[in-house]
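Input: a single structure, listed below in structure tokens.
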There are 2 protein chains.
Amino acid sequence: MAHSHQHDLIDLRAKLRGKDHRITKPREEILDLLGKEEHPVTAKTIHEKLSESCDLVTVYRSLKMLESMDLVKRFDFGDNTARFELICPDDNGHHHHLICKECRTVVEIDECFDSNLESRIAKKHGFAEVTHQLEFFGLCSSCQTT
Amino acid sequence: MAHSHQHDLIDLRAKLRGKDHRITKPREEILDLLGKEEHPVTAKTIHEKLSESCDLVTVYRSLKMLESMDLVKRFDFGDNTARFELICPDDNGHHHHLICKECRTVVEIDECFDSNLESRIAKKHGFAEVTHQLEFFGLCSSCQTT
DNA sequence: GAATAAATGAAAAAGGCTTGCATATAGATT
DNA sequence: AATCTATATGCAAGCCTTTTTCATTTATTC
Ligand SMILES: [Mn+2]
Ligand SMILES: [Mn+2]
Ligand SMILES: [Zn+2]
Ligand SMILES: [Zn+2]
């Protein structure tokens, strides 16, 4: 844990260098915190979990910056609240979720549709750099028994 | 146009009857207006386009009601603003969009991935009534030349 | 036409997120 | 280690979408 954190920080320094971006306590701690989360979390949740507290505005600004550096990815579960997840190298941030409409339980999904669909759509409409946002919604086993 | 509107209204009456829901001018006109749109529109846009104006709150309330009756579907293009589209019978409201990250141009997409993916995911995690939200984002041909 | 349950308007507020500006601090320079 | 400078932060204010409250109006039933 301590080591992987150390590693993250080295990576972070490398990524931020030359961009005139600084390593600050809030940014460190936000990354650290995100590294421990299993699912996307809201800015508010992050703010509440910070041990060395900072302003909520700083959390928003940090997240925006980390997102722009491709260290963090933003997800949208359809409740008017952005959620953030650390981008991990194996899926490069590209994965999806299954969310219970009732209790809001989240399951990480590692499957995706065939990429041909996306490239076909891109080509058909002359679009470039096409990506997608895909989330599944349903009723988890507990919530079905109502 | 006039006829299809008439038809919509008959449908509407049928659907609302028995639910203690009433046919009102704002609801009629919102449905009428949505029937003319090619892409999802925001509550604000709808409000601005209403000829017989009503309060924006009424637009929100009407949309929520129409959504709950499965007459209208809500979409999320990732800009913190809900967009609404009339559910048309041929796709039953299930379709997706391709949105230009730059100019926000919207293309209606009628393709989707194989439904096996969804049922596999549902089964694997014990979820029921699983649906999905899928939107594509990219750069349209005009916006690529930057 | 009267009764009644639902819908509306108006004002206020909630909630997420952003902006402006003065102050503090990271990282570079000496 | 002290200094410098651009970047980051805190705080207050504001923006924007959406919701809530409550008195009034209106659609539908009888
Ligand atoms: Mn995830
Ligand atoms: Mn559409
Ligand atoms: Zn559930
Ligand atoms: Zn474009």
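The chains referred to below are lettered A, B, ... by the order of the sequence lines, with proteins before strands, and numbering in each begins at 1.
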Considering only side-chain heavy atoms of A/V57, which listed nucleotide, D/dC11, C/dC17, D/dT19, is closest? D/dC11

For A/E37 and A/K49 the tightest heavy-atom approach is OE2-NZ, 2.8 Å

5'-most contact on DNA chain D (nearest-nucleotide basis), B/R83 vs B/K25, goes to B/R83

Given D/dT17, C/dT8, C/dG16, the nucleotide with the shortest approach to the side chain of B/T81: D/dT17

Measure from OH on B/Y60 to C1' on C/dA14 and round the result to the nearest Å. 13 Å

Send over the distance from B/N80 CG to C/dA14 C1', rounded to a whole Å. 15 Å

Can you find a side chain N or O atom of A/T24 that sits less than 4.0 Å from OP1 or OP2 on D/dA8? no

Start with the C-alpha gap between B/M65 and B/M69, add the side-chain angles, then the distance that decides, and say whether side chain to side chain contact (heavy atoms under 4.5 Å, CB included) holds. CA-CA 6 Å; B/M65 190 275 260; B/M69 311 271 319; 3.6 Å; yes

Donor-acceptor check, side chain of A/S119 to backbone of A/N116, threshold 3.5 angstrom: yes or no? yes

With DNA chain C as reference, determine whether B/P26 or B/R22 sits nearer its 5' end, using the nearest nucleotide of each. B/R22

How many Å lie between CD on B/E48 and C1' on D/dC16, as a whole number? 13 Å

Integer-rounded Å distance: D/dT19 C1' and B/L56 CG: 11 Å

Measure from the side-chain heavy atoms of B/K64 and tell me the nearest of D/dT19, C/dT8, C/dA7. D/dT19

Using whole Å, report how far NE2 of A/H47 lies from C1' of D/dC11. 12 Å

Which ranges of DNA chain D pair up as stems, where a stem means three or more consecutive Watson-Crick or G-U pairs with both distances under 3.5 Å? C:1-30 with D:1-30

Between C/dG9, C/dC17, C/dT18, which one does the side chain of B/D55 approach most closely? C/dG9

Using only atom types and a distance under 3.5 Å, with no angle test, would you say the side chain of B/S142 pairs donor to acceptor with the backbone of B/C140? no

Atom CZ of A/R61 and atom C1' of C/dC17: how far apart are they, to the nearest Å? 11 Å

Atom NZ of residue position B/K101 - does it have more than 12 heavy atoms of other residues, nucleotides or ligands inside 6.0 Å? yes

Side chain B/Q144, main chain B/L139, donor-acceptor under 3.5 Å: yes

Between C1' on C/dT25 and CZ on A/R27, what's the gap in Å once rounded to a whole number? 12 Å

If only atom types and distance count, is the side chain of B/E135 paired as donor or acceptor with the main-chain N or O of B/H97 below 3.5 Å? yes

